[in-house]
Amino acid sequence: MPETIDPAWANEVLEWWVKHADAALTKDGQRREYEFCRSGRDTDELLGRELQTRRVIKVVLGIDKVGALVRPLGQHNFVELQSGLDLARRALGKLATAEETAQYITGTSAPTMAADSLHPLIWDAASKLWQDEHHGPAVQRAATFLNAHVQDLTGRRDVSDSALMAEVFSATPPRDGKPRLRWPGDQEDLTVKTMRAGLLHFSQGCFMAIRNPATHSTSDASAQEALEQLAILSTLARWIDQCELVELESA
């Protein structure tokens, strides 16, 4: 789900940045185009609020990554401010015209999905990497945690991933040290039968088509693709929660 922001507060943050960056770029009544001395008090104040302002700009403008607003030039202790100042002004302009724009341009009515509403096991595993914008590794870590969860449920440490799923969802009776996870209900019921068969194939597919590529890929997945894959893993995790552990009955 996209991040939201309080417009009044965002406006206040951006106006502060524009005011102080403008002041820093002006010395003795003369406007500097690109740089000013880094060691002044104005610079310290801007640096103190830079991360907050970057976050506001990111949300308001919908930009994936916002670079540094105070950019060291690497010589004579000067920094560049103009590009960050331009971004802040763009964000202010968008806030100022957002209400009018909304009156004439309607957005999609398609539903959105909040990542933090996914199964807790999946999102807790993925969230830190996701926040750092490592989407593929976030998916890989979520799948790894799901694999470990099934191992814990069944006591199976000898197999993992798709082989583990093939074992625990197998239609064959449980064996000593090899319990099964069964969708609850009458085994003669058609829906129960299809769920059990579906879980067997679906769970293996999750690890073969989601975890393995995420583990071995050299390129990161897009945020949309990764979110869809996390949703698939979340669905599997919720179904696993509903399954019953069936063990070999003692003689």
Side-chain angles (χ1 to χ4, degrees), residues 1-118 123-124 126-135 137-138 220-224 226-227 230:
M1 184 177 185
E3 292 180 292
T4 59
I5 197 167
D6 178 76
W9 176 78
N11 195 78
E12 181 180 332
V13 170
L14 293 168
E15 284 187 341
W16 185 95
W17 183 269
V18 168
K19 176 182 176 181
H20 286 75
D22 264 331
L25 286 172
T26 303
K27 186 174 183 179
D28 299 327
Q30 298 296 316
R31 173 76 175 185
R32 291 172 176 255
E33 289 299 323
Y34 299 107
E35 56 192 43
F36 71 98
C37 185
R38 190 179 180 187
S39 60
R41 185 182 66 182
D42 288 341
T43 311
D44 293 339
E45 291 181 344
L46 287 165
L47 286 170
R49 295 201 184 192
E50 184 191 25
L51 289 178
Q52 180 188 66
T53 307
R54 285 167 65 181
R55 184 73 178 273
V56 170
I57 291 172
K58 176 182 176 180
V59 176
V60 172
L61 294 182
I63 299 174
D64 287 338
K65 293 183 180 180
V66 177
L69 304 180
V70 180
R71 300 173 186 267
L73 295 178
Q75 57 183 353
H76 306 301
N77 208 26
F78 281 98
V79 297
E80 188 269 324
L81 281 179
Q82 191 63 51
S83 58
L85 186 56
D86 291 343
L87 272 177
R89 284 185 170 134
R90 280 177 55 199
L92 272 174
K94 183 174 180 180
L95 286 173
T97 59
E99 184 175 349
E100 178 184 0
T101 301
Q103 293 178 4
Y104 297 99
I105 301 177
T106 57
T108 177
S109 60
T112 58
M113 179 175 61
D116 58 3
S117 294
L118 296 172
W123 182 241
D124 288 350
S127 59
K128 180 60 172 66
L129 286 167
W130 188 275
Q131 289 163 8
D132 292 338
E133 300 184 353
H134 300 307
H135 302 120
D220 200 4
S222 69
Q224 180 63 34
L227 182 59
L230 287 176

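Values below: every heavy atom of this structure, side chains too, minus hydrogens, waters and symmetry copies.
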Shortest non-hydrogen contact from [X] toward [Y]:
X    : Y    : value
L230 : A138 : CD2-O, 4.2 Å
V60  : A10  : CG2-CB, 4.3 Å
A91  : L61  : CA-CD2, 3.7 Å
R54  : G67  : NE-O, 3.3 Å

Count the heavy atoms of every other residue, nucleotide or ligand shown that sit under 6.0 Å from CG of D6, and state whether that count exceeds 12. yes
Intermediate values then yes/no, side chain to side chain contact (heavy atoms under 4.5 Å, CB included), V70 and L81: CA-CA 5 Å; V70 180; L81 281 179; 3.8 Å; yes
Going through the distances and angles, do R49 and V13 end up as a side chain to side chain contact (heavy atoms under 4.5 Å, CB included)? CA-CA 9 Å; R49 295 201 184 192; V13 170; 5.9 Å; no
Taking the side chain as C-beta and beyond, is there a heavy-atom pair between Q82 and L85 under 4.5 Å?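 Side chain of Q82 against side chain of L85, heavy atoms only: contact under 4.5 Å found.
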Any side-chain heavy-atom pair from V56 and W9 closer than 4.5 angstrom?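 When only atoms from C-beta onward are counted, W9 and V56 do touch, with a gap below 4.5 Å.
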Mind checking the [atom1]-[atom2] spacing from [X] to [Y]? Nearest 0.5 Å is all I need.
X    : Y    : atom1 : atom2 : answer
L14  : E12  : CG    : CD    : 10.5 Å
W17  : E45  : CH2   : CD    : 10.5 Å
L227 : W130 : CG    : CH2   : 5.0 Å
L118 : D116 : CG    : CG    : 8.0 Å
Q52  : E50  : CD    : CD    : 11.5 Å

Please determine whether side chain to side chain contact (heavy atoms under 4.5 Å, CB included) holds for the pair L46 and L69, giving the CA-CA distance in whole Å, both sets of side-chain angles, and the decisive distance to 0.1 Å. CA-CA 9 Å; L46 287 165; L69 304 180; over 6 Å; no
As a quick check of understanding, evaluate side chain to side chain contact (heavy atoms under 4.5 Å, CB included) for D22 and R89, giving each step before the final call. CA-CA 11 Å; D22 264 331; R89 284 185 170 134; 2.6 Å; yes
D132 and K128 ion-paired at < 4.0 Å: yes
